[in-house]
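Presented below is the structure to which this report refers.
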4 protein chains.
Amino acid sequence: MKKDKKQALLDSALCLFVEQGFHGTSTASIAKKAGVATGTLFHHFASKEALLNYLFVTIKQEFANNITTALSISADIAGGVKKEAQLLWQLAIDWALLNPIKQRFFLQYSLSADISSETRHQAMNVILDFVVILIEKGQRQGILADFPIALMLENCHGQYFAAIRYFTEHPQWGNDATQRKASFELFWRSMEAQ
Amino acid sequence: MKKDKKQALLDSALCLFVEQGFHGTSTASIAKKAGVATGTLFHHFASKEALLNYLFVTIKQEFANNITTALSISADIAGGVKKEAQLLWQLAIDWALLNPIKQRFFLQYSLSADISSETRHQAMNVILDFVVILIEKGQRQGILADFPIALMLENCHGQYFAAIRYFTEHPQWGNDATQRKASFELFWRSMEAQ
Amino acid sequence: MKKDKKQALLDSALCLFVEQGFHGTSTASIAKKAGVATGTLFHHFASKEALLNYLFVTIKQEFANNITTALSISADIAGGVKKEAQLLWQLAIDWALLNPIKQRFFLQYSLSADISSETRHQAMNVILDFVVILIEKGQRQGILADFPIALMLENCHGQYFAAIRYFTEHPQWGNDATQRKASFELFWRSMEAQ
Amino acid sequence: MKKDKKQALLDSALCLFVEQGFHGTSTASIAKKAGVATGTLFHHFASKEALLNYLFVTIKQEFANNITTALSISADIAGGVKKEAQLLWQLAIDWALLNPIKQRFFLQYSLSADISSETRHQAMNVILDFVVILIEKGQRQGILADFPIALMLENCHGQYFAAIRYFTEHPQWGNDATQRKASFELFWRSMEAQ
DNA sequence: TATGAATGAGTATTCATTCAT
DNA sequence: GATGAATGAATACTCATTCAT
């Protein structure tokens, strides 16, 4: 019962921020939807901005945990870097398709000025940690092209967002094997060594 | 003298929207910076939103004109699709580096909820028209991979934004031939037929 | 052609003031509907208030002229005070039914704070001049009750407005002889000597 | 202490609306006079219009309660319809004289376009309920003329307003028995059966 | 912890009026 | 006389935040 109200606030905020935008959502409406008093929000979060940033980090962490857990389970078994990248890519797309609201939240807030750059960098590092590791591994093995790592990271990010934007706008193709394959190929080919 | 005040308002708005965000910028501050009265803004634009959308379309159009003009000049001379894509990519990167404020405007507002989806779609179609044409040409010639065109478009967009984000964060490499080449390679390889 | 624009402004203002109220009507919208520039309104009228007051006096005068003209024509022929009162009443109701917009203008603005009390008094005196004369005549002849003239005047006014409000809300009865008779009876009986 | 601020706002609004008109009164001035913050007004009323309408209904209700209470006390004792009408009339005039600001509020806003027609109809039905009952009773007993009830109601309203306008403009006669009698006679005779 | 009435600075927008052409 | 772009003071309403209970 203790975490209930805080979680209810986070749930409401997620929905409303996605539906109406950060500035289009009043703290009063978040509290109302969560079924708590307006003042309660400020017992759990120092400010509206703090709530948004907390929400952002929480969801990024949840995403990262989901991917790395699944990845580590398969890691022992699986072989090459490409297999690993493929798994990572499919897991990331799956997560987005299974969590449409959180995915829209990513799309809207990852580049938003409402998220503090501090939070953004923190989240980036958390989430892209395993990507960096994978890229470096691939480069050492001569499987991935030898472009600057920061450039490749930005590119991964940009391609991932492009893919989930595409699947969001064409939901019917989210489970189509050909489309899923195509999205991975675009991603993989860009980084593969030639 | 007639267009002066409207243009002054657009110039001020561009700066302030980029520096402080859309919601962080008051209409009064835009007018003040433009050296006009607060009412004048609303004489030229129906609302703050309308101003933002007008600005967005105007800049996208300017970008598109810049690229297509340069492209058409070289088009007669140049040869294959790859050369054309390379030219397009370098022109687009150049434009971003030469217009840092407008580039930051793109980065911040292209996916922002403050731009109406109508405007976004209009801008996308206007600006990406020549990209679509190029992709289709490359696919007919068997030079580009045969992935869905909408997916490839999103991917181009995502990679372009990734590239200009990278060059923005590492300005010293904007004129480094190796870096520029790398950014194009990431882009081109993702779409090239194998 | 000289009076055209002024009259067009008055016509537009009448419509708009009745439809949207004085404060709900902008001078710009009056000018637009009249097909003139916004500044033109202020060449003909010192202010928005001045336009309203001018309109009020003009219409009251038109009403008064209409009644007194018709009244004077019949006056020579007709007999008693009651006949005269009856004629006056029917003329006044007819005018209202034939000029529904001007009648609504009366209803809305006769007691409105937007009309200067000066204008209101002036208009009252103009319009009720012949009523005062009639009442005094009736009292001298012992046909009308001997109540204070100012009270009787207010009462006439109130009953006239009640009648036209009634016929406005029940338009189908405006030409029903029984209803018209009833409205006059209510009026006449209140003032008749007993 | 809970109703204090809301009531203070209503009191201020009543005064200011009567003194300066609805459009001449800013919400800030209402709040200031009430000794509360500007936001407090909007905590209790959805809008300035909502405040006006609430005020209107409240005062009409207060008026109706005042009349009907006094009427019901005497109802058991008193006799005919005329006595009852006379009592009603005098109570209504008394109320207006004892509540000059609320009476001016009636005069200014009962027909004003600033009151929603919904509110006006509600108020009319609430307040004139007992009048309708009295008229119908009088008609059944053959004491009142058999004119349409809606016409008679409008007429009552118009005559009441005329009377209070008269007594407002000539305050010295408000307690003069002759004048009071005259005002009732004008009212009664108009409706009495002949 | 939780409440929700109260706050008051902040803001987009309106609009009567002016004036250079 | 006529125009209409420009003005800038005025105002309803919002909303993150506080605090007494």
Side-chain angles (χ1 to χ4, degrees), chain A residues 1-2 4-6 9 22-32 34-51, chain B residues 1-6 9 23-32 34-51, chain C residues 1-6 9 23-32 34-51, chain D residues 1-6 9 23-32 34-51:
Chain A
M1 196 183 260
K2 285 203 170 177
D4 262 4
K5 303 214 170 188
K6 184 173 183 179
L9 284 165
F22 180 67
H23 291 278
T25 302
S26 68
T27 54
S29 69
I30 296 170
K32 190 176 180 183
V36 304
T38 60
T40 305
L41 191 154
F42 293 90
H43 274 287
H44 295 285
F45 306 98
S47 67
K48 196 185 173 189
E49 266 80 19
L51 167 56
Chain B
M1 197 181 259
K2 287 217 166 170
K3 285 239 148 181
D4 263 4
K5 305 218 169 188
K6 185 173 181 178
L9 283 164
H23 292 279
T25 302
S26 71
T27 56
S29 70
I30 297 170
K32 191 175 182 184
V36 304
T38 62
T40 305
L41 192 156
F42 294 93
H43 184 71
H44 292 286
F45 306 98
S47 66
K48 196 184 170 188
E49 264 81 18
L51 167 56
Chain C
M1 197 182 260
K2 285 203 171 177
K3 282 242 148 181
D4 262 4
K5 305 215 169 186
K6 184 172 183 179
L9 283 164
H23 291 277
T25 302
S26 67
T27 55
S29 69
I30 296 170
K32 189 175 182 184
V36 303
T38 60
T40 306
L41 191 154
F42 294 90
H43 275 289
H44 294 287
F45 306 98
S47 67
K48 196 185 172 189
E49 266 80 19
L51 166 58
Chain D
M1 197 181 257
K2 287 219 167 170
K3 283 240 149 183
D4 263 3
K5 306 219 168 186
K6 185 172 182 178
L9 283 164
H23 292 279
T25 302
S26 70
T27 54
S29 70
I30 296 170
K32 191 175 181 183
V36 303
T38 62
T40 305
L41 192 155
F42 294 94
H43 184 71
H44 292 287
F45 305 98
S47 65
K48 197 183 170 189
E49 265 81 17
L51 166 57

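Per chain, numbering begins at 1; letters A, B, ... match sequence-line order. Basis for what follows: all heavy atoms, side chains included, without hydrogens, waters or symmetry-related copies.
- Residue whose closest nucleotide on DNA chain E sits further toward the 5' end, between C:S26 and D:G35: D:G35.
- Here the P atom of nucleotide F:dC15 and the CG atom of D:L41 are 17 Å apart, to the nearest Å.
- Distance, C:L9 CG to F:dG1 C1': 13 Å, rounded to whole Å.
- Closest to the side chain of A:K5, out of E:dT3, E:dT7, F:dA6, is E:dT3.
- A:T27 comes within contact range of at least one nucleobase, with a heavy-atom separation under 4.0 Å.
- Using a 4.0 Å heavy-atom cutoff across all strands shown, A:T38 reaches at least one base atom of the nucleic acid.
- Separation of atoms CD1 (D:I30) and CG (D:L51) is listed at 5.5 Å; rounding is to 0.5 Å.
- Map D:G39 and B:G39 each onto its nearest nucleotide of DNA chain F; the residue landing nearer the 5' end is B:G39.
- Distance noted for atom P between F:dT21 and E:dT1: 22 Å (whole Å).
- E:dA6 is paired with F:dT17 under the Watson-Crick or G-U wobble criterion, all donor-acceptor distances under 3.5 Å.
- Rounded to an integer number of Å, the gap from D:H23 NE2 to F:dA12 P is 10 Å.
- Between B:H44 and F:dA6 there is a side-chain N or O to OP1 or OP2 distance below 4.0 Å.
- Minimum heavy-atom separation, A:A37 to A:A31: O-CB, 3.7 Å.
- Atom-to-atom distance recorded for B:H44:NE2 and B:K6:NZ is 7.5 Å, nearest 0.5 angstrom.
- Between D:T40 and E:dT7 there is a side-chain polar atom (N or O) within less than 4.0 angstrom of OP1 or OP2.
- C:K6 has no side-chain polar atom (N or O) that falls below the 4.0 Å cut-off from OP1 or OP2 of F:dG1.
- Here the nucleotide nearest the side chain of B:S47, chosen from E:dT7, E:dT17, E:dT13, is E:dT13.
- Residue D:K48 places no side-chain N or O under 4.0 Å from the OP1 or OP2 atom of F:dT11.
- One atom, CZ of D:F42, and another, P of E:dA9, lie 16 Å apart when rounded to the nearest Å.
- Note that CG of C:L41 is 10.5 Å distant from NE2 of C:H43, once rounded to the nearest 0.5 Å.
- In this structure, the nucleotide among F:dA6, F:dT3, F:dC13 sitting nearest to the side chain of D:E49 is F:dC13.
- The phosphate of F:dA2 has neither OP1 nor OP2 within less than 4.0 Å of any side-chain N or O from C:H43.
- B:T25 comes within contact range of the sugar-phosphate backbone alone, with a heavy-atom separation under 4.0 Å but no base atom that close.
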